[in-house]
Asks: 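Take this structure first; my questions come after.
Along the sequence shown, residues carry numbers from 1.
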Amino acid sequence: MDLSDLEGLDKAIALMIVDPGTVTVHSVIREARALRTEARSENDGRKAALLDDLYKDALSLHDSVVTLESDPEIVKRNMLARMITAVFPVINGIEGFRNFPQKSLWELFMSGLAIAAEISTGTQYLEAANLGATAHFERDLVKLEGRIIELAVEEGFDASSVSGPIEGYFDSLRKADIQSSQKPLVPFLFWLLICIVSYKRVKAELSRRAATVP
């Protein structure tokens with residue numbers, strides 16, 4: 001497997017960012033699963049692990065999108081379409097797939113934290129509360145907290161130095177006065193960012209290998 005084998009995944013990721021929804025995220029899930037199976041058949045543990053991370057992160061993103069698309073108030077107000085505008089700063093910050101290596105994973109996360117904080121304090125989109133949002137929000141915060149710490153450690157950060165700030169940030173989200181109808185937006189944005197980071201890690205690994213081939 002080399003970079004040319006990721007063409008399908010590249011397209012799926014691009015479509016997911018431009019139009020995040022259950023269909024586009026599902027395409028990413030399928031591409032990641034197929035590539036993971038191929039990597040396992042090649043007994044390539046590193047690639048298989050990275051693709052497994054992307055697959056699982058995409059599943060979590062899909063779950064958050066299902067919540068957005070199935071909530072009657074969100075559907076009524078076409079919330080998903082409006083909410084895409086909140087992702088534009090992320091897309092602009094990334095500056096296209098070809099420029100991914102110019103930003104570190106930690107910079108992407110810090111940008112995501114700032115944007116999520118802005119979303120959590122905003123009140124302009126929805127008025128009605130989603131009755132199931134609080135439970136879903138708490139489940140996602142627990143998963144996100146662990147996943148972000150895991151990624152930070154894998155990027156070389158000391159667990160003891162990053163755990164406290166990350167845990168503190170998610171505790172502050174729990175205490176924040178966020179309308180129930182707005183809570184699904186925060187996990188959605190984080191899982192979208194995490195999927196992009198996981199995708200970047202797969203690309204970086206294959207690029208590294210390509211560079212070492214004589």
Side-chain angles (χ1 to χ4, degrees), residues 1-70 80-81 83-109 111-112 115 140 143-144 147-148 150-151 154-155 184 187-214:
M1 183 189 300
D2 54 28
L3 287 171
S4 63
D5 295 320
L6 297 186
E7 182 178 353
L9 180 61
D10 292 341
K11 292 179 179 178
I13 290 285
L15 289 172
M16 180 190 74
I17 291 182
V18 173
D19 183 21
T22 50
V23 174
T24 55
V25 177
H26 194 199
S27 294
V28 173
I29 292 171
R30 286 174 170 173
E31 291 291 339
R33 183 174 59 216
L35 291 169
R36 181 188 62 177
T37 300
E38 181 180 344
R40 287 176 174 175
S41 69
E42 296 172 350
N43 294 319
D44 193 325
R46 174 60 177 169
K47 279 191 297 186
L50 291 174
L51 287 162
D52 188 54
D53 285 343
L54 175 58
Y55 172 73
K56 292 177 180 177
D57 292 337
L59 284 176
S60 294
L61 174 61
H62 188 271
D63 184 56
S64 70
V65 174
V66 167
T67 299
L68 287 170
E69 291 185 343
S70 61
L80 191 59
M83 177 271 305
I84 291 174
T85 61
V87 183
F88 286 162
V90 181
I91 299 174
N92 292 334
I94 292 173
E95 296 177 351
F97 291 115
R98 294 184 182 278
N99 295 325
F100 271 0
Q102 297 177 11
K103 276 188 175 291
S104 70
L105 301 183
W106 198 245
E107 287 176 322
L108 287 176
F109 270 125
S111 298
I115 295 168
D140 261 318
K143 291 172 62 179
L144 284 165
R147 181 65 177 130
I148 292 175
E150 181 182 77
L151 283 170
E154 289 177 1
E155 285 302 306
F188 165 82
L189 177 58
F190 272 117
W191 285 122
L192 179 61
L193 281 168
I194 288 172
C195 278
I196 293 172
V197 169
S198 292
Y199 163 75
K200 179 183 175 182
R201 296 176 76 208
V202 173
K203 296 278 285 189
E205 175 66 17
L206 292 184
S207 296
R208 182 189 65 79
R209 295 186 184 192
T212 59
V213 175

Asks: Please report the interatomic distance CD1(I194) to CD(E150), rounded to the nearest 0.5 Å.
Replies: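 Here the interatomic distance stands at 9.5 Å.
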Asks: Can you check side-chain contact (heavy atoms from CB on, under 4.5 Å) on R147 and K56, steps first, answer last?
Replies: CA-CA 11 Å; R147 181 65 177 130; K56 292 177 180 177; over 6 Å; no
Asks: If you measure from CH2 on W191 to NE2 on H62, what distance do you get to the nearest 0.5 Å?
Replies: 14.5 Å
Asks: State the CD1-OH distance between I13 and Y199, to the nearest 0.5 angstrom.
Replies: 6.5 Å
Asks: More than 12 non-hydrogen atoms from neighbouring residues, nucleotides or ligands closer than 6.0 Å to NZ on K143, yes or no?
Replies: yes
Asks: Roughly how far, to the nearest 0.5 Å, is CG of L151 from CG of D53?
Replies: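 Reported value, rounded in 0.5 Å steps: 7.0 Å.
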Asks: Please report the closest heavy-atom contact between I17 and P20, naming both atoms and the distance.
Replies: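 Scanning both residues completely, I find the closest heavy atoms to be O-CD, 3.7 Å.
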Asks: Does any non-hydrogen side-chain atom of R40 lie less than 4.5 Å from one of L51?
Replies: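 The answer is no, as the side chains (C-beta and beyond) never meet within the 4.5 Å cut-off.
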Asks: Looking at residues at least two apart in the chain, or sitting in another chain, which of them share a side-chain contact (heavy atoms from CB on, under 4.5 Å) with R33?
Replies: I29, R30, R36, Y55
Asks: The criterion is side-chain contact (heavy atoms from CB on, under 4.5 Å); which residues satisfy it with D63, sequence neighbours excluded?
Replies: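 Here the qualifying residues are H136.
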Asks: Does S41 use its side chain to pair, donor to acceptor, with the backbone of E38 at less than 3.5 Å?
Replies: yes
Asks: With rounding to the nearest 0.5 angstrom, report the OG to CG distance, S64 to L59.
Replies: 11.0 Å
Asks: Take L206 and D5 through the side-chain contact (heavy atoms from CB on, under 4.5 Å) test and state the conclusion after the steps.
Replies: CA-CA 10 Å; L206 292 184; D5 295 320; over 6 Å; no
Asks: Flag the pair V23 / L15 as yes when at least one side-chain heavy-atom distance between them is below 4.5 Å, and no otherwise.
Replies: no
Asks: Does E154 reach the side chain of R201, with side-chain heavy atoms less than 4.5 Å apart?
Replies: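 Yes, at least one pair of side-chain atoms sits under 4.5 Å.
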Asks: Whether the D57 and S198 side chains hold a donor-acceptor pair (N or O, under 3.5 Å, no angle test) is what I'd like checked.
Replies: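 S198 and D57 do have a side-chain donor-acceptor pair below 3.5 Å.
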Asks: State which residues pass side-chain contact (heavy atoms from CB on, under 4.5 Å) with S27; sequence neighbours excluded, sorted by chain then number.
Replies: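 Scan of S27 (side-chain contact (heavy atoms from CB on, under 4.5 Å), adjacent residues dropped) gives A12.
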Asks: Please step through side-chain contact (heavy atoms from CB on, under 4.5 Å) for the pair K200 and E205, ending with a clear verdict.
Replies: CA-CA 9 Å; K200 179 183 175 182; E205 175 66 17; over 6 Å; no
Asks: If you define the side chain from C-beta out and look only at heavy atoms, does anything of M16 sit under 4.5 Å from L192?
Replies: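 Yes. Closest side-chain heavy atoms under 4.5 Å.
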Asks: When rounded to the nearest 0.5 angstrom, what distance separates CD in E31 from CG in D10?
Replies: 9.5 Å
